[in-house]
Trainee: 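Can you keep this structure in mind? I'll have questions shortly.
Protein chains get the first letters and strands the later ones, always in sequence-line order, with residue 1 at the start of each.
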Amino acid sequence: MLKVDNLKINYGGIEAVKGISFEVPDQSIVTLIGANGAGKSSTLRAIAGLVKASGGSISFDGEDITSLPTAKRVAKGITLCPEGRHVFPDMTVLENIKIGAYLRNDSLEEDIQRVYKLFPRLEERHWQLAGTLSGGEQQMLAVARGLMSNPKILMLDEPSLGLAPIIVQEIFNIIKRINQEQGITVLLIEQNANMALKVADRAYVMETGSITMTGTGAELLANDEIQAAYLGRKK
Amino acid sequence: MKYDFSRKKKRDAVLDLLLIAVVLGICGFLEANKYNYSYAISIIERSMIYAVVAVSMNLVNGFTGLFSLGQAGFMALGAYVTAILTIPVSQRPSVYYISGINPLIANLSAPITLALILGGLVAAACAALIGIPVLRLKSDYLAIATLGFAEIIRALIAAPMMDTITNGSYGLKSIPGFSSIFQVLILTVVSIGLMVLLINSSYGRMFKAVREDEIAAEAMGINLFHTKELSFVISSFFAGISGGMLAMFMRSIDSKTFQVSLTYDILLIVVIGGIGSVTGSVLGAFVVTAGRELLRFFDEPLTVAGVSIPLFRPGFRMVIFSILLMVVVLFYSRGLMGTNEFSWDGIFGFFRRKRKAVKAEGR
Amino acid sequence: MSLTTFLQQCLTGISLGGAYALIAIGYTMVYGILRLINFAHGDIFMMAGYFMIFAMASMPWFIAVPFVLLVTTVLGVGIERVAYKPLRSAPRMSVMISAIGVSYLLQNLATYLFTALPMAYPEIPGLKKIFKIGGLSASFVTFFTPVLTIVLVYLLITLIHHTKMGMAMRAVSKDYETAALMGIDINRTISFTFAIGSLLAAIGSILYFTDRMTVFPFSGSLPGLKCFVAAVFGGIGSIPGAVVGGFVLGMGETALVAAGYSTFSDAFTFVVLIIILLVRPTGLFGEKTTNKV
Amino acid sequence: GSSSSGSAASGAAASKSASGDKVIKIGVFEPTTGENGGGGFQEALGIRYANQTHKTVKIGDDEYTIELVEVDNKSDKTEAVNAANKLMGEKVSGVIGSYGSGVSIAAGQIFADAKVPAVGASCTNPQVTEGNDYYFRVCFLDPFQGTVMANYAMQNGYKTAAVLTQLGDDYSSGLGSFFKTAFTNLGGTIADEEQFQTNQTDFKAVLTNIKAANPDIIFAPSSITTAPLIIKQARELGITSLIAAGDTWENSTIIENAGDSAEGVVLSTFFDEAEPANDEAKSFIEGFKPYLKDNKQDEIIPAVSALGYDAYLALYNAIEAAQSTDGEKIKDALKDVKFDGVTGSISFDENGDAKKNMAFIKTIEKGQFKFLTTTTIDG
Amino acid sequence: MNEVKENVLKMENVVMQFGGVTAIDGLSLEVNRGEIVALIGPNGAGKTTAFNCITGIYQPTSGVVSFKGENLKGKSPDCITRLGIARTFQNIRLFSNLTVFDNVLIAKHLRAHDNVFTATLRLNLKEEDRMRRETEKLLREQDLYELKDEIASSLPYGLQRRLEIARALATSPELLLLDEPAAGMNPQETQELTDFIVKIRDQYHLTVFMIEHHMDLVMQISERIYVLNFGKLIAQGSSEEIQNNPEVIEAYLGGSEDA
Ligand SMILES: Nc1ncnc2c1ncn2[C@@H]1O[C@H](COP(=O)(O)OP(=O)(O)OP(=O)(O)O)[C@@H](O)[C@H]1O
Ligand SMILES: Nc1ncnc2c1ncn2[C@@H]1O[C@H](COP(=O)(O)OP(=O)(O)OP(=O)(O)O)[C@@H](O)[C@H]1O
Ligand SMILES: [Mg+2]
Ligand SMILES: [Mg+2]
């Protein structure tokens with residue numbers, strides 16, 4: 001479905017991503033893990049069209065989208081929940097949810113109820129300005145907003161950041177559910193590699209701008225090196 | 001500019017001395033041939049005066065992150081104080097010929113340096129008062145409030161009730177001029193020098209901290225209000241000094257000299273030079289002032305080989321100037337210097353890059 | 001002061017306030033979306049005045065008016081494309097300087113093309129019709145301006161709060177990137193905002209100049225500044241705020257001049273502004289910026 | 001509107017004189033842009049025309065070509081300082097200008113420091129020449145003009161007056177206050193005094209007050225930008241009083257912009273083409289009309305053009321008398337020149353002001369300026 | 001150290017309301033000298049708000065916050081920092097365009113003796129020198145010295161967190177408040193941070209009060225834990241007590257899954 005080929009990203013001369021290639025098959029969950037600053041977020045931003053790729057190509061459903069503007073990519077069904085939430089602080093929770101469905105013209109009612117069910121806290125606070133929500137609440141809102149666009153592929157950049165353990169589990173359950181029930185493809189970045197690898201069909205490990213390892217979630221979970229480097233299990 | 005002077009490279013020291021010598025040499029030459037180069041001198045003097053106020057504006061806007069547009073008002077205060085104190089007593093009756101002069105100031109006079117400093121102090125005192133209420137405001141609201149105060153100051157200066165002090169609508173004239181270009185040079189260097197020292201001191205760092213993140217700054221024990229007020233007051237002090245210098249440069253002032261457009265001009269200089277760069281502001285002052293003058297030939301009818309080019313007529317200069325301005329803003333959106341300061345390394349680096357680029361093209 | 005004089009002054013205040021309000025809305029629109037003080041707004045307004053002079057010289061008014069609205073809108077959108085769009089990622093200050101630059105350019109261009117001398121503004125049939133009631137006299141625009149202002153405000157608020165375009169505008173105002181992630185076309189939204197802003201400037205210019213009869217290159221600068229103040233007064237970004245601000249300033253100014261304090265009529269604008277800001281740091285109806293730590 | 005592209009011809013003639021010829025330079029210090037750009041341009045036209053008719057001057061045995069160096073002071077004091085310095089840099093022997101007293105005052109010190117004499121054409125503020133040995137002028141002064149209008153008003157039975165002036169503008173405030181003094185001295189009453197801000201375009205509030213005061217005459221000296229606004233808005237409010245002003249209002253743009261409302265407005269001025277004062281004036285009127293046409297201007301001679309012409313003549317005569325290109329000597333010679341200019345006979349008093357005791361009063365009738373009367377006052 | 005537990009921070013019945021929302025509802029807690037105490041709870045429980053009430057960013061609607069017996073009511077944030085409370089932020093708030101060195105140096109100014117004149121005219125060189133030396137020392141201790149000339153925002157996330165802590169330490173605090181210091185760190189980095197917190201506590205004789213969602217970290221080092229839900233304290237005690245408290249499990253920890 002999504003294919004990244006030899007993608008390179010430059011920030012003022014510094015190469016943050018150094019020619020990576022990977023694929024996200026239809027209806028799968030794929031995760032990118034790696035240390036801070038490895039270039040994971042940059043990769044997702046490039047796929048969403050927020051940063052220009054300095055080399056390589058990105059194709060979606062067999063179509064080259066490398067030079068398409070962000071809005072057009074969203075229209076094709078690529079949605080990114082950015083790192084750091086980025087809710088619209090001066091809009092209410094409900095407005096934030098609605099704007100997630102900006103490109104849709106059908107009725108939203110059902111979907112709104114669905115995300116409310118996923119995140120009851122949001123229903124409770126639907127009138128509140130998003131800027132005053134707690135960190136975790138904002139994170140929920142960002143994920144909810146992403147779901148509203150009915151994407152073909154949903155890219156989540158550290159969705160569990162700052163969430164309470166119980167919600168973290170919930171988020172991963174939701175990821176699995178939307179993948180299975182709605183058939184949404186998911187591309188996930190997580191620091192919580194442990195859980196990410198558990199839900200992932202396929203995983204890629206990034207280090208300083210390159211992909212150094214790949215395998216199914218289970219394979220990597222069992223890998224000693226990965227355990228030492230990302231799962232915090234010494235030995 | 002670095003704190004550790006001992007490590008400064010020899011080359012830089014030599015080059016610095018050379019630069020100083022060249023500047024002094026040029027000034028000396030101009031001074032010696034005053035009558036041949038009065039135009040050049042006037043451009044340079046005006047640039048220097050604008051450089052002082054631009055740096056002062058940069059201090060609040062660029063280094064402290066307070067969007068203040070009150071510069072013209074503080075300049076007006078400095079200018080009027082300086083003018084009132086320095087107009088020769090004998091000339092005063094003819095200056096205040098319509099409404100007469102207030103007996104309080106009729107015989108009040110001060111030597112130039114003292115008058116300038118007093119002008120700066122009055123501006124600073126006024127800024128201190130204004131700062132108490134307005135520095136609570138954020139970004140654009142602060143900008144418009146300070147701009148408002150500048151306009152209020154201007155309205156007060158022009159008010160008929162102030163006729164016997166500021167000469168209301170008629171303005172002040174017979175202000176003594178500079179004795180030589182060196183006087184301007186010294187005043188400029190000292191003013192900017194003091195501001196640079198401040199910016200690089202621990203207080204300057206606090207200004208920058210407030211600019212970067214007010215909440216974090218407060219969490220570091222920085223008192224927001226005191227720090228902002230300090231920066232605002234010091235900036236206004238130097239704005240006042242430069243206003244006084246402008247009065248001496250122009251020899252006659254009235255309230256219209258200090259309209260909002262003056263503030264815009266200075267803001268322009270600061271942004272073109274680079275917000276947060278002192279050398280940028282100085283460079284900007286020269287580029288903008290000189291640029292505007294050098295384009296004068298666009299106003300004159302141009303005839304090439306007997307055919308007069310129709311575009312060239314009065315007003316064309318300013319059209320070209322505004323277009324050039326837009327070009328600079330659009331293509332150097334961070335200003336000529338960005339946030340960098342002048343350094344010899346920078347200069348050499350620039351040329352080296354150029355040469356490389358040329359070589360690369362050559363291939 | 002006799003009653004007639006008083007009522008006459010009130011009429012003056014209302015018509016001035018109405019004109020200020022119309023222009024202030026344009027400011028507030030653009031600011032609300034772009035966080036850009038569009039210093040060129042007053043000059044777009046001035047150019048609209050010149051456009052009308054030339055349009056009326058060669059076409060009947062019912063063609064000239066839509067034509068001028070269109071040309072002004074194109075001018076506004078064009079300015080956005082050339083002078084603001086390339087600066088999307090530049091520091092805010094640079095964009096503002098660009099706006100000041102455009103303002104300079106328009107003024108200088110007008111001086112160059114049309115000279116500094118004022119030119120007579122054509123009369124649009126009906127607008128200038130003078131009504132006399134007792135000792136009072138006022139033209140049709142005096143009444144028309146406030147009414148039109150209210151209607152436009154209603155339409156704009158509906159647009160911003162109850163349409164998708166409005167939602168997009170509000171999203172873009174906060175965060176370009178995230179707005180784009182919602183599928184919003186940033187450039188189209190901004191162009192649209194400018195189109196509306198310039199359209200308002202054009203409408204404002206017709207009413208304003210009809211009442212004041214001449215146009216010169218600096219006609220836009222003072223109303224521009226005052227209306228910006230009106231917008232800030234009302235809480236920049238807030239449309240009802242801009243209207244209230246416009247009327248407060250227009251009427252306050254008239255009252256002050258009428259009372260014989262012309263000297264302070266400009267200063268008054270700012271005094272009122274500063275007082276309001278001290279009580280409400282984001283203007284009368286300004287939204288508090290939500291900045292949770 | 002007025003366009004100036006035709007001026008290219010004369011300008012070119014001035015600046016590109018064949019090298020080798022002896023040249024004497026005269027600076028033209030006028031605003032061609034800014035608030036007073038219109039008036040400044042008209043004044044410059046008169047100067048350029050004078051330069052065509054009096055192209056060369058004989059000093060000793062040498063024939064000197066007079067070359068004009070024009071700078072734009074943009075009606076702005078700060079700009080004026082640079083513009084003046086530019087002229088000094090060009091080594092001019094004398095300067096003419098400027099329209100608008102403020103810029104002249106600002107530049108006065110610079111001319112004096114460089115010992116270059118300046119002859120003002122239409123700058124009527126006393127401060128221009130006051131205390132400045134190097135500044136002369138060929139027009140009358142504001143006190144004189146204010147008095148003239150006060151005389152005219154009283155003589156024609158207007159007993160109560162309202163004065164409307166622009167704040168922060170020395171011309172307007174000055175003239176207003178001189179009118180007030182003279183009018184009260186003559187026994188009139190000032191019924192109302194109002195002021196307005198620079199760039200103000202809405203005068204209804206002040207005019208409503210004036211209407212309430214119901215004066216016989218409204219004296220509203222102001223720039224040509226504001227004039228049509230005041231006139232039209234006054235009439236719209238139903239004010240029927242006579243509206244009067246000073247020399248700036250003699251400008252056809254006022255008639256163009258104020259239309260019918262301008263009918264009956266009265267103003268004082270320096271010059272009237274229907275009443276040539278002398279032969280010089282006659283030949284000027286004949287020659288200048290076609291010149292105006294060449295420059296795509298209306299064929300009504302603005303007074304400021306006539307004054308510009310006279311200012312040039314004053315300098316010309318002084319250069320001839322001084323037999324030198326040296327500023328100091330020309331200044332000394334200026335003190336003693338006496339010649340017939342197109343606005344009357346001109347010589348300077350100890351202040352450097354033209355000794356004039358006559359002004360023309362004009363009115364607007366059927367969309368034209370019409371000569372009404374001349375007024376003289378003594379002393 | 002004293003054998004009697006001296007309490008450094010005390011909150012009594014603190015209530016914080018925003019319009020209709022009661023973010024903290026009668027919170028009372030104590031933190032004793034030398035302790036590492038954690039504050040946990042679901043998202044939106046009011047943890048950050050509690051920190052904001054302590055550091056003066058919000059003034060509590062009612063209740064008393066005291067530091068070493070001194071009531072903090074009405075004190076501004078800078079004043080509270082001066083008293084000896086330093087903090088980090090949930091969303092990193094570095095002086096992002098300044099260098100690592102300057103970030104820390106700015107915080108040092110709090111305890112400097114100079115004024116704007118002596119500073120501008122360089123009459124305070126000794127003082128300046130002292131601040132620089134101390135900054136250098138601190139950076140070396142925190143393994144940030146190599147990066148001293150880097151621009152703060154260019155650092156990887158984990159190091160930015162560490163720098164924020166170093167900057168807080170530079171104000172010479174007695175009490176350090178950490179708001180989700182491990183957010184955005186992978187388990188490996190979290191482990192390093194855990195050791196780091198203990199290390200600085202001992203090295204600088206600090207009291208640490210932190211908010212955290214990473215349970216490994218919390219359980220490993222905190223001597224006591226407070227649990228907040230809907231602004232109310234629902235539990236307090238040692239790691240084991242908390243881990244086995246059914247109410248906490250239900251509201252916060254969730255099933256057996258390790259987070
Ligand atoms: N806008 C930018 N300008 C300059 N450098 C950047 C920018 N964004 C990212 N970088 C740099 O690019 C590199 C990769 O960053 P990226 O955000 O993609 O990493 P990441 O793997 O997502 O890390 P994290 O886990 O911290 O989110 C980092 O070194 C970062 O400093
Ligand atoms: N300035 C404010 N205005 C309105 N409500 C606020 C404000 N600050 C906080 N709140 C509300 O108070 C509650 C507590 O927020 P707080 O940030 O303290 O949560 P938290 O416990 O830190 O959560 P998290 O773990 O998600 O960061 C939230 O519901 C939030 O919406
Ligand atoms: Mg990332
Ligand atoms: Mg929190």
Trainee: Are there over 12 heavy-atom neighbours, none belonging to B:Tyr39, within less than 6.0 Å of that residue's OH?
Mentor: yes

Trainee: Closest approach of B:Glu293 and D:Glu79, non-hydrogen atoms and distance?
Mentor: OE2-OE1, 4.2 Å

Trainee: Give the member of D:Thr32, D:Ile110, D:Asp76 that has the highest number of heavy-atom pairs under 4.5 Å with chain B.
Mentor: D:Thr32

Trainee: Examine whether an atom of D:Lys91 lies under 4.5 Å from a heavy atom of chain B, and if so say whether it belongs to the side chain, the backbone or both; otherwise answer neither.
Mentor: side chain

Trainee: Tell me the closest heavy-atom pair linking B:Arg46 and D:Asn82, and the distance in Å.
Mentor: NH1-ND2, 2.6 Å

Trainee: I need the B:Lys173 NZ to D:Glu130 CD distance, nearest 0.5 Å.
Mentor: 6.5 Å

Trainee: Top residue by heavy-atom pair count (under 4.5 Å) with chain B, among D:Leu87, D:Leu167, D:Asn132, D:Asn85?
Mentor: D:Asn85

Trainee: Could you tabulate the donor-acceptor pairs under 3.5 Å formed by side-chain atoms of residues 258-265 of chain B, not counting sequence neighbours?
Mentor:
from: B:Thr263; atom 1: OG1; to: B:Ala72; atom 2: N; distance (Å): 3.2
from: B:Asp265; atom 1: OD1; to: B:Arg292; atom 2: NH2; distance (Å): 3.4
from: B:Asp265; atom 1: OD1; to: C:Tyr104; atom 2: OH; distance (Å): 2.7

Trainee: I'd like to know which of D:Gln109, D:Gln166, D:Gln197 tops the heavy-atom pair count under 4.5 Å against chain B.
Mentor: D:Gln109

Trainee: If you round to the nearest 0.5 Å, how far is OG of B:Ser38 from CG of D:Asp113?
Mentor: 10.0 Å

Trainee: For the interface with chain B, which of D:Ala107, D:Gly108, D:Ala106 has the highest count of heavy-atom pairs at distances below 4.5 Å?
Mentor: D:Ala106

Trainee: Is B:Asn167 close to D:Gln127 at the side-chain level, that is, under 4.5 Å between some pair of heavy atoms?
Mentor: yes

Trainee: Using heavy atoms and a sub-4.5 Å threshold, report which of residues 242-257 of chain B line up against chain D, by residue number.
Mentor: B:Phe249, B:Met250, B:Arg251, B:Ser252, B:Ile253, B:Asp254, B:Lys256, B:Thr257

Trainee: Heavy-atom distance under 4.5 Å to chain D: side chain of B:Arg154, backbone, both or neither?
Mentor: neither

Trainee: Side chain from CB out, backbone as N, CA, C, O: work out which of these in D:Tyr171 comes under 4.5 Å of a heavy atom of chain B, or both, or neither.
Mentor: neither

Trainee: Between chain B and each of D:Thr78, D:Asp72, D:Val81, count heavy-atom pairs under 4.5 Å; write down the option with the most.
Mentor: D:Thr78

Trainee: So what's closer than 4.5 Å to chain B heavy atoms on D:Ala83: side chain, backbone, both or neither?
Mentor: both

Trainee: Picking from D:Ser177, D:Ser101, D:Gly174, which has the most non-hydrogen pairs under 4.5 angstrom with chain B?
Mentor: D:Gly174

Trainee: Sequence neighbours left out, what pairs pass salt bridge (charged side-chain N to carboxylate O under 4.0 Å, His left out) with at least one residue falling in residues 74-84 of chain B?
Mentor: none

Trainee: For chain D, which residues of residues 87-94 of chain B have at least one non-hydrogen atom nearer than 4.5 Å to it?
Mentor: B:Ser94

